[in-house]
Amino acid sequence: MPVSRRGLLAGTAVAGAALAVPGTASAAMTTTARSDKIGPNDARYQDLVQRGQNRRFIGKPQYARVIRSTEDAVAAVQEAVRSGKRIAVRGGGHCFEDFVDSSDVEVLLDMSTYDEVAWDPQYKAFSIGAGAVLETVYKELFYGWGLTLPAGGCLSVGVGGHFSGGGYGPLSRKYGSVVDHLYGVEIVVVDAHGRARSLVATRDNAYQDLWWAHTGGGGGNFGLVTRYLMRSAGASGRTPGESLPKAPAALRSTLLLYDWKTTTQAGFLRTVRNWFTFFEQHNTADSPYATLYAPFILSHYSAGQYLLSTQLDAAAPNSEQLMNAFNAAMVEGVADPKPQVIDLGVGPFLHLTMQRSIEETAAPNRGKYKAGYLKKGYSDAQILSLYQGLTDTTYKGPQSSMLLVPYGGKVNTVPSNATAAAQRDVMGKIVLTAAWDNASDDDLHLGWMRKVYGDIYRDTGGAPVPNATNAGSYINYPDVDLADPAYNKSGVPWHDLYYLGNYPRLQQIKSKWDPRNVFHHKLSIEPA
């Protein structure tokens, strides 16, 4: 029986949980009652259809269902398939494009209440409901077992898409991608005859190919995932405590705060170059800086400031000296700007993780995102293009930014084809964001970010084409422009940017497990 932290503390198993039979789904609840059809006249409808973070897209499905159990999920999918209706599944609501809120979606299946985190002794792995958000996962794993996952720093993100797309976060340089800890998925699939069923695919059972597809193949491609089974690669699962990474006890943190008014072009170029150089030089799994996470948030000039936010496991040998050396490396050779250094000291791991999470309550209503993987830092010409975009005075976008994120380390110790997440020789990621509130400003903000991104990748046709510097892009930061020849002029198809050489295998798995293409969106994997 899956046993939650609450169940363990009470000395009992979760009420009504059922033993799983290998290769089949276990019931998460005693009831098999089907969820309600929630139509436009229902008081719950608007809350469900507007739960997506990016209000550029608000769907109008014929009805929604809030999924309560695996059996409920099977029945909901079966009914929609039988009636020929287009399905979309919502987890945390953070999809950057309209994959869930497309105008042609007729049935919305909402997973938000299917969020339990428990130990499943049948599979010797942690069971995490696909509707859980990272805050729930972190709290349950940490308070129950002192464990964690190298997942994202934005705690309202749902695991449903985050895990399957190859999620990452502050501890990935130490512990790898989230999918390096994915043991299995419980998933509802639809066969060629239109029959829906649930099964459990693991890294070592007969459905191993379907497990592999979820190690970076992205959400909404193969079926409806109802829960994830998490156990680190190489762990036996003999006990919960040895099955996932131990969480740090405390984090050491600093902020480097920069003023745009004192920033010169030369100073900006050297500052960004310093960041790239540091992570190029400290990109091994055994580096003393393996637990260093230092996202550089380069806000547009109209914001007034930009900042470098840094954390490091306080238990790392000489952590204070390591932090000081990193901060010194960031200002080496820089005349202006001189950042304000704010030493936040040492604090408890989970408390600081919660405190440092991106504030969703203040997030703008509308956004567009573009991303890329880096094997090494940008050229001087690319950094100059970035500087020109961020200091464009004809554009007012205080909530728009370029985010530089350290990556690699332990991630790079896994072969590219061992998981569907193919980028295994990288040192960082970039995320260009335009964010705003009013629909009347859409063209202004979309035009700005498309120009900046296009200028940065001018030499590769406006896209991060894999080469000595680039490694494509990240499917959890989807960008439909990469499928549009008006913006991606490289001739390299979008799927090769996201999946590199793994795309043909993903297509074969798609054909096998979703032959009717029930689960699809604008950047979904096409059947072979």
Side-chain angles (χ1 to χ4, degrees), residues 117 124-126 128 132 134-135 137-155 157 159 162-184 203 214-216 228-237 239-253 279 282-295 310-317 319 322 348-350 352-353 356-357 373 405-416 418-429 474 476:
V117 179
K124 299 180 180 179
F126 283 95
I128 299 177
L134 292 178
E135 180 176 355
V137 174
Y138 288 151
K139 284 181 176 179
E140 292 294 314
L141 289 177
F142 184 70
Y143 289 140
W145 294 274
L147 304 176
T148 193
L149 282 167
C154 179
L155 301 191
V157 164
V159 305
H162 180 66
F163 283 8
S164 62
Y168 77 100
L171 293 174
S172 286
R173 282 163 39 83
K174 176 70 173 178
Y175 295 120
S177 169
V178 169
V179 296
D180 299 330
H181 306 271
L182 177 64
Y183 176 70
R203 69 166 73 107
H214 287 85
T215 61
Y228 291 96
L229 297 169
M230 308 303 295
R231 189 214 306 164
S232 300
S236 68
T239 66
E242 66 178 2
S243 298
L244 289 176
K246 296 288 185 185
L251 299 174
R252 182 179 297 279
S253 304
F279 286 104
H282 299 87
N283 194 27
T284 59
D286 59 354
S287 167
Y289 284 102
T291 62
L292 177 71
Y293 186 64
T310 308
Q311 70 178 50
L312 178 69
D313 186 346
S319 66
L322 290 173
F349 162 71
L350 189 59
L352 287 183
T353 299
R356 294 163 70 94
S357 174
Y373 281 102
V405 190
Y407 195 51
K410 182 71 171 179
V411 170
N412 294 344
T413 65
V414 177
S416 180
T419 63
Q423 287 83 359
R424 297 290 186 167
D425 57 350
V426 293
M427 52 73 63
K429 304 190 188 197
Y474 176 45
N476 279 357

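Note that the structure is a prediction, hence the values are computed from the model and not measured.
- Counting only heavy atoms from C-beta outward, the side chains of Leu292 and Leu322 never approach each other to under 4.5 Å.
- The closest side-chain heavy-atom distance from Leu244 to Tyr175 is not below 4.5 Å.
- Put simply, CG on Leu251 and CD on Gln311 are 5.0 Å apart, with the number rounded to the nearest 0.5 Å.
- When all heavy atoms of Thr310 and Ala294 are compared, the closest pair comes out as OG1-CB, 3.8 Å.
- Test Glu242, Arg231, Lys124 against Ser236 for side-chain hydrogen bond (donor to acceptor under 3.5 Å, both in side chains) and you get one pass: Glu242.
- Residues forming a side chain to side chain contact (heavy atoms under 4.5 Å, CB included) with Pro415 (at least two apart in sequence, or on another chain): Asn417, Ala418.
- Heavy-atom minimum distance, Gly241 versus Leu147: O-CD2, 3.5 Å.
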task: Test Phe279 against Val405 for side-chain contact (heavy atoms from CB on, under 4.5 Å), laying out the working first.
output: CA-CA 10 Å; Phe279 286 104; Val405 190; over 6 Å; no

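- With sequence neighbours excluded, the residues forming a ring pair (Phe, Tyr, Trp, His ring centres under 6.0 Å) with Tyr168 are Tyr407, Tyr474, listed by chain and number.
- The shortest side-chain heavy-atom distance between Pro248 and Thr291 does not fall under the 4.5 Å cut-off.
- Listed by chain and residue number, nothing satisfies the ring pair (Phe, Tyr, Trp, His ring centres under 6.0 Å) test with His162 (two or more places apart in sequence, or in another chain).
- A heavy-atom distance below 4.5 Å is not found between the side chains of Leu171 and Pro245.
- In this structure, the side chains of Asn412 and Val426 come closer than 4.5 Å at one or more pairs of heavy atoms.
- Nearest heavy atoms, Ile128 versus Ala132: CG2-CB, 4.0 Å.
- Around the NZ atom of Lys429, the shell of radius 6.0 Å holds more than 12 heavy atoms that belong to other residues, nucleotides or ligands.
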- request: Please test Val411 against Gln423 for side-chain contact (heavy atoms from CB on, under 4.5 Å), starting from the C-alpha separation and ending with a verdict.
  value: CA-CA 9 Å; Val411 170; Gln423 287 83 359; over 6 Å; no

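- Under the 3.5 Å distance criterion, the side-chain polar atoms of Ser172 are matched with a main-chain donor or acceptor of Gly169.
- When only modelled atom types and interatomic distance are considered, Thr419 and Arg424 share a side-chain donor-acceptor pair under 3.5 Å.
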- request: List the steps and the verdict of side-chain contact (heavy atoms from CB on, under 4.5 Å) for Val137 and Phe126.
  value: CA-CA 10 Å; Val137 174; Phe126 283 95; over 6 Å; no

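- Between Ala290 and Ala285, the shortest heavy-atom contact is CB-O, 3.8 Å.
- Considering CG of Asn476 and CZ of Phe163, their distance stands at 11.0 Å, rounded to 0.5 Å.
- Side-chain atoms of His181 and Ser232 form a donor-acceptor pair, as typed in the model, at a separation below 3.5 Å.
- For the atom pair CZ (Arg203) and CG (Leu229), the distance works out to 10.0 Å, reported to the nearest 0.5 Å.
- Across every non-hydrogen atom of Ser319 and Arg252, the tightest pair is OG-NE, 3.1 Å.
- Heavy-atom minimum distance, Tyr183 versus Ala125: CD2-CB, 4.2 Å.
- A donor-acceptor pair under 3.5 Å links the side-chain atoms of Ser416 to the main chain of Ala422, judged by distance alone.
- Leu182 has its side chain within reach of Tyr228: a pair of non-hydrogen atoms, C-beta onward, lies under 4.5 Å apart.
- Put simply, the side chain of Thr148 reaches to within 4.5 Å of the side chain of Phe349, judged on heavy atoms.
- Lys410 NZ to Asp286 CG: the interatomic distance, rounded to the nearest 0.5 Å, is 10.0 Å.
- In terms of modelled atom types and a separation under 3.5 Å, the side chain of Ser243 and the main chain of Thr239 share a donor-acceptor contact.
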